[in-house]
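Since the structure is predicted, the reported quantities are computational estimates derived from the model, not experimental observations. Atom set for the values below is all heavy atoms of this structure, side chains included, hydrogens, waters and symmetry mates excluded.
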Amino acid sequence: IGITVNLLEALKNTHTKILLVGSADEYGIVKDNENPISEANSFRPTNPYAVSKIAQDFLGLQYFLSHGMNIVRVRPGNQIGPMQRPDFVVAAFAEQIAKAEYGYMDPIINVGNLESIRDFTDVRDMVDAYVLAILHGKIGEVYNLGSQKGIKIREILDKLINLAKIKFEVRIDPARNRPADTPKLIIDSSKFRNLTGWKPKISIDHSLEDILDYWRLSVKK
């Protein structure tokens, strides 16, 4: 939040166009009948990260309203891809599979809640969306970004296991569960798609193959 204030203050007297990247996590607990979520959905944040993103988001709105700054805001859903840190769920699965394939650990995948449904977009597609948001986004507006498709974490895990070279046991680790988890979160990105024509090009299966191959190379080194 402090960094965002410093950035906006530094640019306040310029004509710089600014993209503030929030998160669909701002919406927090989403009721089932609210899916897919639009930009008008209520905020019910469940963690400090989400609260900080709401603050950044609304600082952007405030500086636009108060100072007329050229600010566009986006709220992306879950992003996945090669090089993502292993404290994110898909990378965590892929890292464990790669390590077990090379014999660095037992063929056991430790998991948290597998029943949550999320909207995953490959980071390479999301970067394209960020560029389009800067080029064509309307000043003062906010846009949801996502695939508009929900998939269970369990299905993600099954797809990765099917790509593995050995068989695995799946073990529930309660420590990996969040204190409060959103059961289902699917993004309505129609506002942005209608403006720019953007839509994801990389399938979930392609993303998972690339992620697992990245971790195989990383573990092998």
Summary of salt bridge (Lys or Arg N to Asp or Glu O under 4.0 Å) pairs that have at least one residue in residues 80-98, sequence neighbours excluded: R85-D87, E95-K99
Residues in salt bridge (charged side-chain N to carboxylate O under 4.0 Å, His left out) contact with K17, at least two apart in sequence or another chain: none
Salt bridge (charged side-chain N to carboxylate O under 4.0 Å, His left out) against K152, all qualifying residues, sequence neighbours excluded: E115
Side chain to side chain contact (heavy atoms under 4.5 Å, CB included) partners of D158, counting only residues at least two apart: R154
Identified side-chain hydrogen bond (donor to acceptor under 3.5 Å, both in side chains) partner of Y27 from the options T46, N41, T182, N144: N144
Salt bridge (charged side-chain N to carboxylate O under 4.0 Å, His left out) involving E9 - partner list, sequence neighbours excluded: K12
Ring centers of F58, F43 separated by less than 6.0 Å: yes
Non-neighbouring partners of D57 that pass salt bridge (charged side-chain N to carboxylate O under 4.0 Å, His left out), sequence neighbours left out: R73, R75
side-chain hydrogen bond (donor to acceptor under 3.5 Å, both in side chains) partners of T4, counting only residues at least two apart: Q56
Residue pair K201, D125: steps toward the salt bridge (Lys or Arg N to Asp or Glu O under 4.0 Å) verdict: CA-CA 7 Å; K201 299 175 183 176; D125 281 324; over 6 Å; no
Under 3.5 Å side-chain donor-acceptor pair for N78 and D119: no
Worked verdict on S190 versus D188 for side-chain hydrogen bond (donor to acceptor under 3.5 Å, both in side chains): CA-CA 6 Å; S190 58; D188 176 2; 2.7 Å; yes
What pairs of donor and acceptor atoms, side-chain ones from residues 128-140 against any protein atom, are under 3.5 angstrom apart with sequence neighbours left out?
residue : atom : partner : partner atom : Å
Y130    : OH   : Q79     : NE2          : 3.0

Partner residues of L157 under the side chain to side chain contact (heavy atoms under 4.5 Å, CB included) criterion, sequence neighbours left out: F93, I109, V111, L114, I161, V170
Co-members of the apolar cluster containing V5 [side chain, <4.5 Å]: I1, L7, L8, L11, I18, L20, L59, Y63, M69, I71
With D210 via side chain to side chain contact (heavy atoms under 4.5 Å, CB included) - residues at least two apart: P82, R124, H206
Pair listing, salt bridge (Lys or Arg N to Asp or Glu O under 4.0 Å) test, anchored in residues 37-49, at least two apart: E34-R44
